[in-house]
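Before any comments, here is the structure.
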2 protein chains.
Amino acid sequence: MARTAAVTECPMDWVLRILMGPWTTYILWVLLRSGPSRFGEIKRQVPGISAKVLTERLRMLESTGIVDRRYEATIPPRVTYSLTRRGEELRLVLNQLNELARQWRAADGKAVPAKEDEVRIAPPPAGGSAPAPMHAAEPAE
Amino acid sequence: MARTAAVTECPMDWVLRILMGPWTTYILWVLLRSGPSRFGEIKRQVPGISAKVLTERLRMLESTGIVDRRYEATIPPRVTYSLTRRGEELRLVLNQLNELARQWRAADGKAVPAKEDEVRIAPPPAGGSAPAPMHAAEPAE
DNA sequence: CCGTATCCAACGCGATACTG
DNA sequence: CAGTATCGCGTTGGATACGG
C-alpha cells in the first residue's frame, strides 16, 4: 500500500499523489502543448508508456477534474482529452515550482534545459542508461 | 524503474520526484514544526517509517539542499537536521499547492480538514501497520 | 480506435539484525 | 544514537491478448 493508501486528509498530500505518477506531469505537458488530444495521440507523444498506465493516469486526472474526457461513440470511437480550468490553475503553481527548481539548479551550477516560457511539465524517464529495458519499440508513426 | 529513473532534465519533474516519496513531505512538516531535530526525534514523529527510508529521504533532501545535516562526532553521535532556506522557499510554493487543492476539494463538497495557517506538509500513508495520527497540534513555528 | 484483463518482473518499503 | 545490510512482500508498471 504505502503510496497507494488513501490519505486524502491533507490536500497537499492528496494533490501530490496525483502528480506523483511517473508519467503524469508529462501527460499534462502534452495536453498543454498540443491542446485537446486523442488517446492514441497522447500515447504516441509519451514514448514508452503502456495503454494501461496511460488509462490509469487519465482516469485519475479526470476524476480530479484536471482533465476532461470527451467520448464520441462513433465507429471507430473517438475519445478526446483536454485540460480543464483546474488543469490551468495547477499549471500556474507548477510553473512556480518549476521556476524554483530552476533557480536551485542554476545556483548549483547545473545547466538548466531551457526556459521556454511555459512549464514543460515533465519529461519521461530517460531510456538511455536504464538498467532495465525501459521502453520497447517506438510505435513508428 | 519508471519512477526511479533519473530524469533531471526538467526542473519540475526533478523537484517533484523529490517530494514524491510517501514520507517526504511529512518529514518536512516535522522539521517545520519542531525546528532542528535529531534523527531519532524525526523517526519518532513519523510513526511507521523505517530507519532505512528515513535515511534515504533525508539524504535526498540534503543533497537537494532542502535540509541541512549537522553531524557531531560525539559519543554517542548526535545528528541534527534542519530546514535550509530552500526548504522555506519550497514551503511557500507548497502552501499554494495546498491551498489550491483545498479549494478544489471544498468545491467538490468534501470537507477539508482545517485551514490552520501553514501547510501541514503531508501525512504518512495510512498503512495497515501504523496508522499515523494525522497532525499533532497547532503550527509551532 | 479505445480501452480492459491478465501475467509477470521490478522496485519500494518495512522489519530485523548488525556496526561504528 | 545513527545509521547500514539483508530479506520478504506488496504494489506498480510493461507486455500481451482480447473486447466494444
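Heavy atoms only: backbone and side chains are in, while hydrogens, waters and symmetry mates are out. Chain letters run A, B, ... following the sequence lines, proteins first and then strands; every chain starts at 1.
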Show each protein N/O and nucleotides 4-9 of chain C N/O combination with a separation under 3.5 Å, one pair to a line.
unit_1: C:dT4; atom_1: OP1; unit_2: A:Arg59; atom_2: NH2; d: 3.0

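- Comparing B:Tyr81 and A:Leu54 by the nucleotide of DNA chain D whose heavy atom lies nearest to each, the residue mapping closer to the 5' end is B:Tyr81.
- For the contact set between residues 66-77 of chain A and DNA chain C, defined by any heavy atom under 4.0 Å, the members are A:Arg69, A:Pro76, A:Pro77.
- The closest donor-acceptor contact from the side chain of A:Thr84 to the backbone of A:Gly65 lies under 3.5 Å.
- In this structure, the side chain of A:Tyr71 does not engage the main chain of A:Pro77 through any donor-acceptor pair within 3.5 Å.
- Counting heavy-atom neighbours within 6.0 Å of A:Arg69 CZ, excluding the residue itself, gives a total above 12.
- Atom CE in A:Met20 sits about 17 Å away from atom P in C:dC11, given to the nearest Å.
- Partners of B:Arg44 by side-chain hydrogen bond (donor to acceptor under 3.5 Å, both in side chains), not counting sequence neighbours, listed by chain and number: B:Glu41.
- Between the P atom of D:dG3 and the CZ atom of B:Arg57 lies a distance of 16 Å, rounded to the nearest Å.
- Contact annotation: A:Trp23 does not reach the phosphate of D:dT12 (side-chain N/O to OP1 or OP2, under 4.0 Å).
- Between the side chain of B:Ser37 and the backbone N or O of B:Gly35 there is at least one donor-acceptor pair closer than 3.5 Å.
- Residues A:Met12 and B:Asn98 come closest through the heavy atom pair N-OD1, 2.9 Å.
- Nucleotide D:dA2 holds its P atom 9 Å from the CD1 atom of B:Ile42, rounded to whole Å.
- For the helix from C:dC1-D:dG20 to C:dG20-D:dC1, the end axes, each set by the C1' atoms of five terminal pairs, are bent relative to each other by 40° (nearest 10°).
- The two residues A:Thr24 and A:Ile18 come nearest to each other via the heavy atoms CG2-O, 3.3 Å.
- A donor and an acceptor atom, one from each side chain of A:Thr80 and A:Arg70, are nowhere located under 3.5 Å apart.
- Here A:Arg86 pairs with B:Asp108 under the salt bridge (charged side-chain N to carboxylate O under 4.0 Å, His left out) rule; sequence neighbours left out.
- When distances run from any side-chain atom of A:Arg38 to the nucleotides C:dA15, C:dC2, D:dG3, the shortest one goes to C:dC2.
- Taking the side-chain contact (heavy atoms from CB on, under 4.5 Å) definition, one finds that B:Ser63 meets it with nothing, sequence neighbours left out.
- If you measure from atom CD1 of B:Ile49 to atom C1' of D:dA2, you get 14 Å, rounded to the nearest angstrom.
- Taking atom CD1 of B:Ile27 as the reference point, atom P of C:dC13 lies 11 Å away to the nearest angstrom.
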> Could you go step by step and tell me if A:Tyr81 and A:Leu31 meet the side-chain contact (heavy atoms from CB on, under 4.5 Å) rule?
Replying inline: CA-CA 8 Å; A:Tyr81 295 91; A:Leu31 288 178; 4.3 Å; yes
